[in-house]
Amino acid sequence: MEKKINIAIDGYSGCGKSTLAKALAEALDYIYIDSGAMYRAVTFHMIKRKINKENIADLEEALEEIDLNFKRVGNSNHLYLNGEYLENELRTMEVNGSVSFFSTISQVRTKLVDIQKSLAERKGFVMDGRDIGTVVLTNAELKLFLTCDLETRVMRRKKELDDKNILATFESVRENFLERDYIDSTRADSPLIRASDAILIDNSTLTQEALLSYCLELVAEKLKVY
Ligand code: DC
């Protein structure tokens, strides 16, 4: 049988993790799992239920109502929240504004990390997020940590939002990145940090093609060893 590895990609919002993860999954015929979409789905549900962020009992009750399912479509897993497929609904500025907060809640993390671990029990997965190399796929053979300068992140994300007809100003995108960077990297439970064995890649000036071909070389090297 063909040898496969698991690939963990972490980094701040908007550094190009999901673009790279999808491209790697396609090139290698692996399966891509977007862990951030799960935190977004939980946040979407909490907003819909008008859950007060301070009220942990209500939050736990609402968490119980959440059923996440996945349907394989090509090299990705489409996420269904209580039977509903949501994509653009998870990418609004409203969800962006609350997702980092809900991601600090340990009960939320425990539920989602369990699901993520069970999804990638075998090999042949590319998962991106904030704690994939440090908590979720600690045994991943290849761990990448992407960085990118703030202005490039803002420009790229604004274009993505424009393409999806989601309204946002440059300033609001910048503010949201700064706020999420801070919350994601300072929270008590599994903060965003580079795993000691993760390869650091600055994606500020690389084209998507150059980044992909560099990462495919890294995969090829790992496949020789494992
Ligand atoms: O990757 P993203 O921007 O879609 O993630 C949205 C938020 O979800 C991010 O600001 C923090 C949280 N998140 C997390 O805490 N852990 C992950 N593994 C993935 C995302």
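Heavy atoms only: backbone and side chains are in, while hydrogens, waters and symmetry mates are out. Since this is a predicted model, take the numbers as computed values, not measurements.
Across all non-hydrogen atoms, the minimal contact from Met46 to Ile66 is CE-CD1, 4.5 Å. Between Asp29 and Lys4, the shortest heavy-atom distance links the atoms O-NZ, 3.4 Å. Annotation for Asp10 and Gly133: closest pair OD2-N, 2.7 Å, computed over non-hydrogen atoms. The shortest non-hydrogen separation linking Cys215 to Leu142 is O-CD2, 4.4 Å. The two residues Ser204 and Thr152 have their closest heavy-atom pair at O-CG2, 3.8 Å. The nearest pair of heavy atoms linking Arg180 to Ser100 is CG-OG, 3.0 Å.
No donor-acceptor contact under 3.5 angstrom links the side chains of Asn55 and Asn52, judged on distance only. In this structure, a donor-acceptor pair under 3.5 Å is absent between the side chains of Tyr30 and Asn6. Using modelled atom types and a 3.5 Å distance limit, the side chains of Arg40 and Asn96 yield a donor-acceptor pair. With 3.5 Å as the limit, one finds no donor-acceptor pair spanning the side chains of Ser103 and Arg109.
With hydrogens and angles disregarded, no donor-acceptor distance shorter than 3.5 Å links the side chain of Thr138 to the backbone of Val135. Distance alone, capped at 3.5 Å, places no donor-acceptor pair between the Arg156 side chain and the Glu160 backbone. Looking at Lys111, its side chain does come within 3.5 Å of a backbone N or O of Leu63 through a donor-acceptor pair. Using a distance-only test at 3.5 Å, with no hydrogens or angles considered, a donor-acceptor pair links the side chain of Lys158 to the main chain of Ala168. Distance alone, capped at 3.5 Å, places no donor-acceptor pair between the Asp131 side chain and the Thr134 backbone.
For the salt bridge (charged side-chain N to carboxylate O under 4.0 Å, His left out) test, residues two or more places apart in sequence or in another chain that qualify with Arg130 are Asp184. Under the salt bridge (charged side-chain N to carboxylate O under 4.0 Å, His left out) criterion, Asp67 pairs with no residue at all, not counting sequence neighbours. Taking Ser106 as the reference, Asp189 meet the side-chain hydrogen bond (donor to acceptor under 3.5 Å, both in side chains) condition, with sequence neighbours excluded. In this structure Asn203 satisfies the side-chain hydrogen bond (donor to acceptor under 3.5 Å, both in side chains) test with no other residue, sequence neighbours excluded. Every residue two or more places apart in sequence or in another chain that forms a side-chain contact (heavy atoms from CB on, under 4.5 Å) with Asp181 is listed here: Tyr12, Arg153. With sequence neighbours excluded, no residue satisfies side-chain hydrogen bond (donor to acceptor under 3.5 Å, both in side chains) with Thr110. Residues forming a side-chain hydrogen bond (donor to acceptor under 3.5 Å, both in side chains) with Lys123 (at least two apart in sequence, or on another chain): Glu141. The ring-ring contact (aromatic ring centres under 6.0 Å, His included) test applied to Phe101 returns no partner, not counting sequence neighbours.
Environment of CG in Asn139: sparse, with no more than 12 heavy atoms of neighbouring residues, nucleotides or ligands closer than 6.0 Å. The local environment of NZ in Lys164 is crowded, with over 12 non-hydrogen atoms from other residues, nucleotides or ligands closer than 6.0 Å. Counting non-hydrogen atoms of other residues, nucleotides and ligands closer than 6.0 Å to CD of Glu151 gives a total above 12. Remark: Gln208 CD is loosely packed, at most 12 non-hydrogen atoms of other residues, nucleotides or ligands lying under 6.0 Å away. The local environment of CG in Leu167 is sparse, with at most 12 non-hydrogen atoms from other residues, nucleotides or ligands closer than 6.0 Å. Applying the 6.0 Å contact sphere to CD of Glu64 captures no more than 12 heavy atoms from other residues, nucleotides or ligands.
A distance of 10.0 Å separates CD of Glu60 from CG of Asp58, quoted to the nearest 0.5 Å. Between the CG atom of Asp162 and the CZ atom of Arg157 there is a distance of 12.0 Å, given to the nearest 0.5 Å. Separating the NZ atom in Lys17 from the SG atom in Cys148 is a distance of 10.5 Å, to the nearest 0.5 Å. Atom-to-atom distance recorded for Asp197:CG and Lys143:NZ is 3.5 Å, nearest 0.5 angstrom. The structure places OG of Ser18 at 14.0 Å from CD1 of Ile33, a figure rounded to the nearest 0.5 Å. One finds the CG atom of Leu24 at 5.5 Å from the CD1 atom of Ile9 (value rounded to the nearest 0.5 Å).
Both Leu81 and Ile105 are members of a single hydrophobic cluster when ILVMFWY side chains are connected at heavy-atom separations under 4.5 Å. In this structure, Val136 is not a member of the same hydrophobic cluster as Ile199, with clusters built from ILVMFWY side-chain heavy atoms closer than 4.5 Å. Neither Ile193 nor Tyr182 shares a network with the other; the hydrophobic side chains, linked directly or stepwise wherever heavy atoms of I, L, V, M, F, W or Y lie under 4.5 Å apart, form separate groups for each. Hydrophobic clustering keeps Met127 apart from Ile201 (ILVMFWY residues linked when any side-chain heavy atoms are closer than 4.5 Å, directly or through intermediates). Put simply, Ile51 and Leu86 are part of the same group of oily side chains (I, L, V, M, F, W, Y) that touch within less than 4.5 Å, one to the next.
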Could you pull out every donor-acceptor pair under 3.5 Å between side chains of residues 112-121 and any protein atom, sequence neighbours left out?
| from | atom 1 | to | atom 2 | distance (Å) |
| --- | --- | --- | --- | --- |
| Ser118 | OG | Asp114 | O | 3.4 |
| Ser118 | OG | Ile115 | O | 2.9 |

Between Ser35 and Ile132, is the side chain to side chain contact (heavy atoms under 4.5 Å, CB included) condition met? List the steps.
CA-CA 8 Å; Ser35 72; Ile132 309 305; 3.6 Å; yes
Please walk me through it: do Phe125 and Ile5 pass side chain to side chain contact (heavy atoms under 4.5 Å, CB included)?
CA-CA 7 Å; Phe125 290 87; Ile5 61 170; over 6 Å; no
Could you go through Leu79 and Phe70, starting from their C-alpha distance and side-chain angles, then the distance that decides it, and tell me whether this counts as side chain to side chain contact (heavy atoms under 4.5 Å, CB included)?
CA-CA 5 Å; Leu79 173 63; Phe70 301 87; 3.4 Å; yes
I'd like to know whether Phe102 forms a side chain to side chain contact (heavy atoms under 4.5 Å, CB included) with Lys53, so could you lay out the CA-CA distance, the side-chain angles of the two residues, the decisive distance to 0.1 Å, and finally the verdict.
CA-CA 8 Å; Phe102 287 110; Lys53 291 176 178 179; 4.0 Å; yes
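Contact annotation: the side chain of Tyr32 never approaches that of Asn75 to less than 4.5 Å [non-hydrogen atoms, C-beta and beyond]. His78 is not listed as a side-chain neighbour of Arg72, based on a closest heavy-atom distance of 4.5 Å or more.
Glu87 has a carboxylate O that lies under 4.0 Å from a charged side-chain N of Arg91, or vice versa, which qualifies the two as a salt bridge. A salt bridge links Arg174 with Glu171: the closest approach of a Lys/Arg side-chain nitrogen to an acidic carboxylate oxygen falls below 4.0 angstrom.
The only member of Asp34, Leu20, Leu146, Leu144 that meets side chain to side chain contact (heavy atoms under 4.5 Å, CB included) when paired with Asp128 is Asp34.
Grouping Ile, Leu, Val, Met, Phe, Trp and Tyr residues whose side-chain heavy atoms lie under 4.5 Å apart, directly or via other members, places Tyr85 in a hydrophobic cluster with Tyr80. Grouping Ile, Leu, Val, Met, Phe, Trp and Tyr residues whose side-chain heavy atoms lie under 4.5 Å apart, directly or via other members, places Val154 in a hydrophobic cluster with Met93, Leu150, Met155, Leu161, Ile166, Phe170, Val173, Phe177, Leu178.
Pairs engaging residues 202-213 under the salt bridge (Lys or Arg N to Asp or Glu O under 4.0 Å) rule: none recorded [sequence neighbours left out].
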